[in-house]
Amino acid sequence: MKTTKTIFQDGSHKWVAIVRDPQKPHHLIDTNEYLVTHGGRGLLLDPGGAEIFPAVFSALATEFDPSALAGIFASHQDPDICSSLALWLEFNPQMHCYVSWLWSSFIPHFGGTVETFVQIPDPGLNIALEGLLLQAVPAHYLHSSGNFNLYDKTAKLLFSGDVGAALLPAGEEALFVEDFDRHIRHAEAFHRRWMGSNDAKRRWCERISQLEIDMLCPQHGAIYQGADVQRFINWFDELQVGIVGL
Amino acid sequence: MTHFLTMSEPPPQTGADLLRIVRINEEIKRVVGVSLKINIMALNAIFLAKRAGTAARGFAVLSNEFRNFSQDLRSSMAVLTGVVYGCVNEVSVMLQDLRFTRLLQEAGRQAPQAALAGILERREEKSAGHRENLAKLRGQLKRAFEEAFQMVELGGVLAKSAKIEAAYGQGFALPLAQVSGEFDQIVEEIRASLEALRRSAFFSGN
């Protein structure tokens with residue numbers, strides 16, 4: 001089973017990270033899921049692949065009633081992002097899935113009906129969760145061609161999807177980045193290969209620099225907090241991406 | 001870089017059913033191919049009988065019947081293909097159901113939830129419905145195979161009659177006998193295919 005860690009709380013407004021499953025088979029990439037709650041309802045960010053559903057579900061259920069989930073935010077279309085969609089919909093078939101318009105006819109292959117999907121236009125969308133306004137921020141081509149991050153202005157948290165992701169070796173699986181220079185080595189190859197456009201990356205860095213962010217929460221690896229957030233943005237801005245070392 | 005495909009663990013029952021349906025479909029395609037060959041052979045036999053004249057009038061009638069047989073066989077195979085398609089649909093849904101039920105059960109073991117019990121119950125009802133549909137389709141497929149088999153029996157009778165008629169073909173007796181022999185061979189080929197289909201474990205579940 002995964003573990004949960006509340007990374008922000010102010011009354012009913014919470015961010016819960018669902019992370020690290022020691023029983024996870026090694027052939028499945030490790031993922032972080034995040035639950036945002038407000039006013040008794042929840043939004044699950046990148047709920048993960050079908051095979052890890054039991055681990056995510058059981059961890060989430062320790063913190064929150066799964067039938068109170070109002071929606072799912074899918075940063076993009078990959079199977080490790082939301083191939084568990086049909087299983088979550090079992091708990092609340094009225095649940096919405098927010099996803100880039102680009103993928104709104106692809107993700108239904110994982111489940112859902114036409115009513116399930118809320119298409120996010122390219123410039124982004126405000127998502128209201130019981131009075132809490134969350135912003136879907138464009139991160140196109142990082143890595144997917146239709147890609148969004150989710151920003152919570154009140155909590156000052158950014159769910160950054162694959163941006164900031166790191167493939168951590170055994171023994172270096174802390175939830176927060178502890179030593180940036182040591183950590184970033186595990187992120188470099190991933191970003192060079194997965195991120196396809198230097199131009200898109202530059203625009204993202206400019207856009208994100210304008211936001212007030214206490215924590216940058218990626219879908220893989222560790223969370224950047226405090227000064228490490230800007231450190232990461234600067235590092236990413238300098239990195240040449242879209243490279244295959246053949 | 002080359003990736004070599006290998007067979008892994010034997011599939012469970014539903015997965016095995018999908019494999020069996022695929023094999024049934026391949027055999028149906030083979031029968032359709034052979035029946036198209038019969039059509040061409042029958043057409044050639046009609047021309048040959050015409051050249052042989054009145055002595056091969058009976059042979060010409062039988063050759064025409066072979067053309068009808070070929071058409072009927074293809075229609076029968078089209079019906080079978082439709083039923084097979086229905087089976088693929090049901091088995092595919094059942095395979096997905098199995099996977100999702102397994103994952104939900106696993107979630108329930110890790111974090112017992114009242115909502116899960118209701119969900120699993122609903123899924124079981126749906127699964128029972130799919131199992132019932134598949135059983136009906138299995139029965140339909142079996143009946144359709146039996147009908148096709150009877151049709152092939154008729155084809156066998158036609159081939160034997162053509163052999164007898166060929167003997168009355170006077171100067172054309174030899175080529176007519178050769179054609180009727182080919183008819184016989186091809187009907188046997190279809191019979192063998194249908195026999196194999198009849199014995200498919202998809203019907204016995206073994």
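Naming convention: chains lettered A, B, ... in sequence-line order (proteins, then strands); numbering from 1 in each chain. The analysis underlying the following values was restricted to heavy atoms, covering all of them including side chains, and did not include hydrogens, waters or symmetry mates. Not measured: the values here are computed from a predicted model.
- Using a 4.5 Å cut-off between heavy atoms, B/E106 contacts chain A through both its backbone and its side chain.
- The interface of residues 139-166 of chain B with chain A, defined by heavy-atom distances below 4.5 Å, is empty.
- Taking a 6.0 Å sphere around CD of B/Q105, one finds it holds more than 12 heavy atoms contributed by other residues, nucleotides or ligands.
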Exercise for the section: Just do the side-chain contact (heavy atoms from CB on, under 4.5 Å) check on A/F57 and B/L104 with the steps written out, would you? Expected result: CA-CA 9 Å; A/F57 173 86; B/L104 286 164; over 6 Å; no
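- The two atoms that bring A/A50 and B/L103 nearest to each other are O-CD1, 3.3 Å, heavy atoms only.
- Looking at B/L116 and A/F91, their side chains come closer than 4.5 Å, going by heavy atoms from C-beta outward.
- In terms of heavy-atom pairs under 4.5 Å with chain B, the best-connected choice from A/S58, A/A61, A/A55 is A/S58.
- Heavy atoms only, all atoms of each residue included: A/P66 and B/Q113 are closest at CD-OE1, 3.5 Å.
- Around the NZ atom of A/K5, the shell of radius 6.0 Å holds no more than 12 heavy atoms that belong to other residues, nucleotides or ligands.
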Practice task
Tell me, with the steps shown, if A/E51 and B/R99 meet side-chain contact (heavy atoms from CB on, under 4.5 Å).
Solution key: CA-CA 9 Å; A/E51 284 301 318; B/R99 181 179 181 224; 3.1 Å; yes
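- When the shell of 6.0 Å around CZ of B/R109 is examined, it contains more than 12 heavy atoms from other residues, nucleotides or ligands.
- Closest heavy-atom contact between B/F100 and A/A86: CE1-CB, 3.5 Å.
- With a 6.0 Å radius and a threshold of 12 heavy atoms from other residues, nucleotides or ligands, A/Y141 has its OH atom at or below the threshold.
- With a 4.5 Å cut-off on non-hydrogen atoms, B/R102 touches chain A through its side chain but not through its backbone.
- One finds the CG atom of A/D21 at 7.5 Å from the CD atom of B/Q110 (value rounded to the nearest 0.5 Å).
- When all heavy atoms of B/R122 and A/E90 are compared, the closest pair comes out as NH2-O, 4.0 Å.
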